[in-house]
Amino acid sequence: MTVTFDDILAAKDRIAGQVDRTPVRYSRKLSLLTGAEVWIKYDNLHFTGSFKERGALNRLLQLTPEERKRGVVAASAGNHAQALAYHGGRLGVPVTIVMPEGTPFVKIDGTRQHGATVVIKGLDFSGSTEEAHRLRDEKGYIFISAFDDEGIVAGQGVCGIEFMEDAPDLDVLIIPIGGGGLIAGSAIAAKAMKPDIRIFGVEAAMYPSFTARRRNEPPRCSGQTIAEGIAIKAVGEIPFALVNPLIEEVLVCEEADFEKGVAFLATMERTVAEGAGAGGLAALLAYPDKFKGLKVGIELTGGNIDARMLAVVLNRELVREKRLIVYRILGDDRPGMLSKMSAVIGGLGGNIIDVVHNRLALDVPAKGAEFDIMVETRGEAHAEEIRLGLEEAGYELRMG
């Protein structure tokens, strides 16, 4: 089995006019932040919110008339599901999707809205795949892997063509790795168009399956990651064989890196990215010395993130930057105490967001109280200024 540049060019012609060509734009802010020249491909702007449309449509268009009548089944954490559901609906192909328990509601709802039958089964992607295979055998559906399929890989490779056509001077492409379909197709295309371009992959530390495969080690994958789109326990056989020789290095990122990527894309680029979608920026932030002075292309793979989770990530970044901070103060439990503390904080420009009054902590005197005061600040220096102000006013801070 193989996928060539000619296969990707054929896929490009096959899907032309049916999938949006997403923009590639230079990011001045992220370039200043990282020291690299950063170019972003905004695949979160696809109708279904992720890069998966190219591969899904290309594979559906390769079905025979008899296979279209039988319908297709797939396992997906959400993005492949929505792409298959949308384009299957357009083409009149029945689609059944098996999703893992814990899949974000935005992805489940989006898949159902496109007309697919959704089955929630399996603790993770592997469990969902087993159920999809069972339905294939029982119902006679055509199984379409999210990544381990030549038609999928060729379709995803159109992303690499578009990227290189819009930013031909790139030195580096950074692409998240789940099952490997996107990085395989994109690397084949990019290398065909510019042989000396360097390809870097990105994996979540909880699911380093490509890294383990490269080392001939069993993958140790588990846990709930914000990058659920690349939480794959076993990289696809086809993508791995195709792309392993083309990748210079796979960069493993921690949860905080993905969170920062999501937050910085929202605050600096005013765009929404899901955890896996921010993987390219996460790697750039975690390993800045590898890319300083280089022209770097980041594939923003998708933006399907729950509003609640986006809010949590943005607030957690405020905590990291100490723009939200909790001052734990031990004081007397008497009238006016909270007012006096508030006066100190307000006088120094802090904005009180929340107050918790604890009288039952056993390490607090019976006539005392513990105050947890959440304050919005202008940053770390301002937070320290408020801390010193409270101590100078005579308050005992137990945590800050």
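The basis for the numbers below is simple: all heavy atoms, side chains too, and nothing from hydrogens, waters or symmetry mates. Note that the structure is predicted; figures quoted are calculated from it, not measured. One is the number of the first residue; the rest follow in order along the sequence.
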Sub-3.5 Å donor-acceptor pair from the side chain of [X] to the main-chain atoms of [Y], do we have one?
X      : Y      : result
Asp149 : Gly151 : yes
His382 : Leu348 : yes
Tyr207 : Gly223 : yes
Glu203 : Ser209 : yes
Tyr141 : Val95  : no
Arg14  : Asn58  : no
Asn44  : Val272 : yes
Asn315 : Ala311 : yes
Lys191 : Ile199 : no
Ser50  : Gly302 : no

To the nearest 0.5 Å, how far apart are [atom1] in [X] and [atom2] in [Y]?
X      : Y      : atom1 : atom2 : result
Leu84  : Ile97  : CG    : CD1   : 5.0 Å
Leu91  : Tyr86  : CG    : OH    : 9.5 Å
Met99  : Arg112 : CE    : CZ    : 8.5 Å
Leu57  : Arg90  : CG    : CZ    : 6.0 Å
Glu150 : Leu242 : CD    : CG    : 7.5 Å
Leu284 : Ile298 : CG    : CD1   : 5.0 Å

Side-chain heavy atoms of [X] within contact of [Y], under 4.5 Å:
X      : Y      : answer
Val24  : Glu162 : no
His80  : Phe147 : no
Pro239 : Asp148 : yes
Asp257 : Leu285 : no
Lys12  : Val19  : no

Do we see a donor-acceptor contact under 3.5 Å between the side chains of Glu255 and Thr225? yes
Verify the distance criterion only: is there a donor paired with an acceptor across the side chains of Glu269 and Ser27 at less than 3.5 Å? yes
Around atom [atom1] of [X], are there more than 12 heavy atoms from other residues, nucleotides or ligands closer than 6.0 Å?
X      : atom1 : answer
Glu138 : CD    : yes
Phe105 : CZ    : no
Lys121 : NZ    : no
Gln18  : CD    : yes

Could you please spell out the steps behind the side chain to side chain contact (heavy atoms under 4.5 Å, CB included) verdict for Arg59 and Val72? CA-CA 11 Å; Arg59 184 64 181 85; Val72 301; over 6 Å; no
Evaluate the side chain to side chain contact (heavy atoms under 4.5 Å, CB included) criterion for residues Glu299 and Ser186: first the C-alpha distance (whole Å), next the side-chain angles of each, then the deciding distance (0.1 Å), finally the verdict. CA-CA 10 Å; Glu299 162 64 3; Ser186 295; over 6 Å; no
Does the separation of the ring centres of His114 and Phe47 fall below 6.0 angstrom? yes
Distance flag, aromatic centroids of Tyr287 and Phe200, threshold under 6.0 Å: no
Is there a path from [X] to [Y] through hydrophobic residues (I, L, V, M, F, W, Y) whose side chains come within less than 4.5 Å of each other?
X      : Y      : value
Leu45  : Ile161 : no
Leu281 : Ile226 : yes
Val158 : Leu170 : yes
Ile230 : Leu251 : yes
Ile238 : Ile175 : yes

Once salt bridge (charged side-chain N to carboxylate O under 4.0 Å, His left out) is applied, what residue pairs with a partner in residues 22-37 remain, sequence neighbours excluded? none
Side chain to side chain contact (heavy atoms under 4.5 Å, CB included) between Thr103 and Ile120: does it pass, once the steps are laid out? CA-CA 9 Å; Thr103 297; Ile120 306 298; 5.6 Å; no
If the threshold is 4.0 Å, N to carboxylate O, is there a salt bridge linking Glu384 and Arg387? yes
Looking at Glu130 and Arg134, is any side-chain nitrogen of the basic one under 4.0 Å from a carboxylate oxygen of the acidic one? no
So which heavy atom on [X] is nearest to which on [Y], and how close?
X      : Y      : value
Ile188 : Ile8   : CG2-CD1, 3.8 Å
Val202 : Ala283 : CG2-CB, 3.6 Å
Ala189 : Gly157 : CB-O, 3.5 Å
Ile152 : Ala146 : CG2-O, 3.4 Å
Cys253 : Ala286 : SG-CB, 4.4 Å
Ala263 : Leu314 : CA-CD2, 3.8 Å

Take Arg320 and Glu317, measure what salt bridge (Lys or Arg N to Asp or Glu O under 4.0 Å) needs, and give me the verdict at the end. CA-CA 5 Å; Arg320 285 192 185 93; Glu317 188 58 30; 3.3 Å; yes
Any idea how Phe240 and Phe210 line up, ring-wise: parallel (<30°), tilted (30 to 60°), or perpendicular (>60°)? tilted
Measure up the His133 and Phe143 rings against each other and bin them: parallel (under 30°), tilted (30 to 60°), perpendicular (over 60°). perpendicular
Under the side-chain contact (heavy atoms from CB on, under 4.5 Å) test, which residues partner Ala383, sequence neighbours left out? Lys322, Ile325, Tyr327, Thr377
Residue pair Asp372, Arg328: steps toward the salt bridge (Lys or Arg N to Asp or Glu O under 4.0 Å) verdict: CA-CA 4 Å; Asp372 279 357; Arg328 177 164 292 174; 2.7 Å; yes
Pairs involving residues 228-250, ordered by first then second residue, that meet side-chain hydrogen bond (donor to acceptor under 3.5 Å, both in side chains) (sequence neighbours left out): Lys107-Glu228, Asp124-Lys233, Arg198-Glu248, Arg213-Glu237, Arg214-Asn244, Glu249-Lys290
Check each of Ile329, Ile352, Val355 against Met341 using the side-chain contact (heavy atoms from CB on, under 4.5 Å) test, and report the only one that passes. Ile329
Please step through side chain to side chain contact (heavy atoms under 4.5 Å, CB included) for the pair Leu30 and Ile40, ending with a clear verdict. CA-CA 10 Å; Leu30 292 179; Ile40 303 173; 3.7 Å; yes
